[in-house]
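I have placed the structure first, in the form of structure tokens, so that the comments after it can refer back to it.
Protein chains get the first letters and strands the later ones, always in sequence-line order, with residue 1 at the start of each.
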2 protein chains.
Amino acid sequence: MPADADSKARTPLTRERVLEAAIRLADEGGIESLTMRKLARELGVEAMSLYNHVANKGDLVDAIVDLVVGEIELPSTGVDWVADIKRCAVSAHEALLRHPWACGLVLSPGTIRALPAPRLRYMEWLLKRLRETGFSPELTYHAYHALDSHILGFTLWQLGHSISAIDVDGSKDLAELVDKFLRQLPAADYPYLAEHAQQHVTAPSGDGARQFEFGLDLILDGLKRARETA
Amino acid sequence: MPADADSKARTPLTRERVLEAAIRLADEGGIESLTMRKLARELGVEAMSLYNHVANKGDLVDAIVDLVVGEIELPSTGVDWVADIKRCAVSAHEALLRHPWACGLVLSPGTIRALPAPRLRYMEWLLKRLRETGFSPELTYHAYHALDSHILGFTLWQLGHSISAIDVDGSKDLAELVDKFLRQLPAADYPYLAEHAQQHVTAPSGDGARQFEFGLDLILDGLKRARETA
DNA sequence: CGTCTAGCCTTACGCCGTAAACTTACACTG
DNA sequence: CAGTGTAAGTTTACGGCGTAAGGCTAGACG
């Protein structure tokens, strides 16, 4: 038995394997459950071995966040700037929903360092798309802030709401959770909140994406009008 | 010497004193520097004593977040709904900037529990102001999401950018930091990003608030138009 | 064959949150 | 007054965290 029948034959650790396993762990249990010891165990290795492929935990976290940011689609420039930006924004929204732990880390990075390349590429793409469409530098300045903050901010906002709904106990049916919330809410004191929660119960699936695009359209419409009146 | 000349005479711990000290610690060193042991030391007490006034660390954190949310001004209903909502939003923005650790915790609460009273009051106020202005339930549903996510999301977005600028090394002059960033940026690859960073250098102080209101106005204008065309 | 080196492991340190058991101080009751 | 109950603070201890320091081993290369 010359081959890998023995437990001795371990597939060697690589930075890729480490990062991939880290993303898997974070996807499954949230970023706070990503631990050097647990990650090592997952890879059949001791914790300190990870440090041969990763400077420290901050470096590890930064790296996996970069991988997620790298998933964002940056469409090649088309004729319709609104459509291009919307496609990018929706793609970012989806990527961040796939990895719910990443959004908070992009918004408030723990370790401070030079902005990583994937984030730079994304920023440059958005700025370029605006400027080449004819936006003035001044309008682009504000438009970028409004767009980027909506993409990241709304997504984290949505995640905060749905995660808390899912986590509050085992049941992952959001409608049922909101229903329970409604029943314990003193509806007399909060009639409009009760109405709002009720709307969430009856909302169709995929409602989060629709809300995201509602706010996005508000911003894009406003920008379009601002550009035309300028 | 019957009075408090002796070190024995300690002002007794109360929940208020604990929460107040916790906010002070978090304001100074960020939420991750808020530790039961450090907080106790700050109060001249042992860590375990805190548990007489606070269920656990999650309870403590929830409580101080609630205090911050409670600082948000909810104007009594005036004639101009845009002005009322703007006042509330700006007040929330300011409160969250005063306590930079709070925004992330409101957006993605660590401990899950029933929504706390201050948050309920805030939500109800905003929903009520929209509905009583004449917004349909459907439009209110989306308007609330757009507004709340902008208030929290943009603020966290802004904090993430300014904090990373401040923390990267000792100098707290943001312009100087951006300048350093600019010099190390391969400007040939990122011309628009360089332009954008340059704008930040020359931006007047208080620019964050202006950006916040730019996005807010975009949303409010869109909502106003949506209500009129409906 | 000897030596170098990269990759992994072992041990250890100082943090963290907090359970459990204790001491103390005081208020109330007989 | 003594006796007792209770609330507040302390001590000790446990398991988990990130990671510094150093040891071990297997293959590469002269």
Side-chain donor/acceptor pairs under 3.5 Å, residues 35-51 of chain B, sequence neighbours excluded:
residue: B/Lys38; atom: NZ; partner: B/Ser33; partner atom: O; Å: 3.2
residue: B/Glu42; atom: OE2; partner: B/Arg24; partner atom: NH2; Å: 3.4
residue: B/Ser49; atom: OG; partner: B/Glu46; partner atom: O; Å: 3.3

Which residues pass the ring-ring contact (aromatic ring centres under 6.0 Å, His included) test with [X], sequence neighbours left out?
{"X": "B/His99", "value": "B/Trp101"}
{"X": "B/His196", "value": "A/Tyr141, A/Tyr144, A/His145, B/His200"}
{"X": "A/His150", "value": "A/Phe154, A/Phe212"}

Salt bridge (charged side-chain N to carboxylate O under 4.0 Å, His left out) involving [X] - partner list, sequence neighbours excluded:
{"X": "B/Glu94", "answer": "none"}
{"X": "B/Glu20", "answer": "none"}
{"X": "A/Arg121", "answer": "none"}
{"X": "B/Glu124", "answer": "none"}

Rounded to the nearest Å, what distance is computed from the [atom1] atom of residue [X] to the [atom2] atom of nucleotide [N]?
{"X": "B/Leu43", "N": "D/dT10", "atom1": "CG", "atom2": "C1'", "result": "15 Å"}
{"X": "B/Glu46", "N": "D/dA13", "atom1": "CD", "atom2": "P", "result": "15 Å"}
{"X": "A/Leu39", "N": "D/dC17", "atom1": "CG", "atom2": "C1'", "result": "14 Å"}

Nucleotides 4-6 of chain D: which of its N/O atoms have a protein N/O under 3.5 Å away?
none

* Asked: Going by number, which of residues 18-37 of chain B have a non-hydrogen atom under 4.0 Å from DNA chain C?
  ->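 When residues 18-37 of chain B is checked for heavy atoms under 4.0 Å from DNA chain C, the hits, listed by number, are B/Leu34, B/Thr35, B/Met36, B/Arg37.
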Sequence neighbours excluded and cut-off under 3.5 Å, please list the side-chain donor-acceptor pairs for residues 181-190 of chain B, or say none.
residue: B/Arg183; atom: NH2; partner: B/Asp179; partner atom: OD2; Å: 3.0

* Between residues 48-58 of chain B and DNA chain D, which residues have a heavy-atom gap below 4.0 Å? ->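 Nucleic-acid contacts, sorted: B/Met48, B/Ser49, B/Asn52, B/His53.
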* Ionic contact status for A/Arg15 with A/Asp59, cut-off 4.0 Å ->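 So A/Asp59 pairs with A/Arg15 through a salt bridge.
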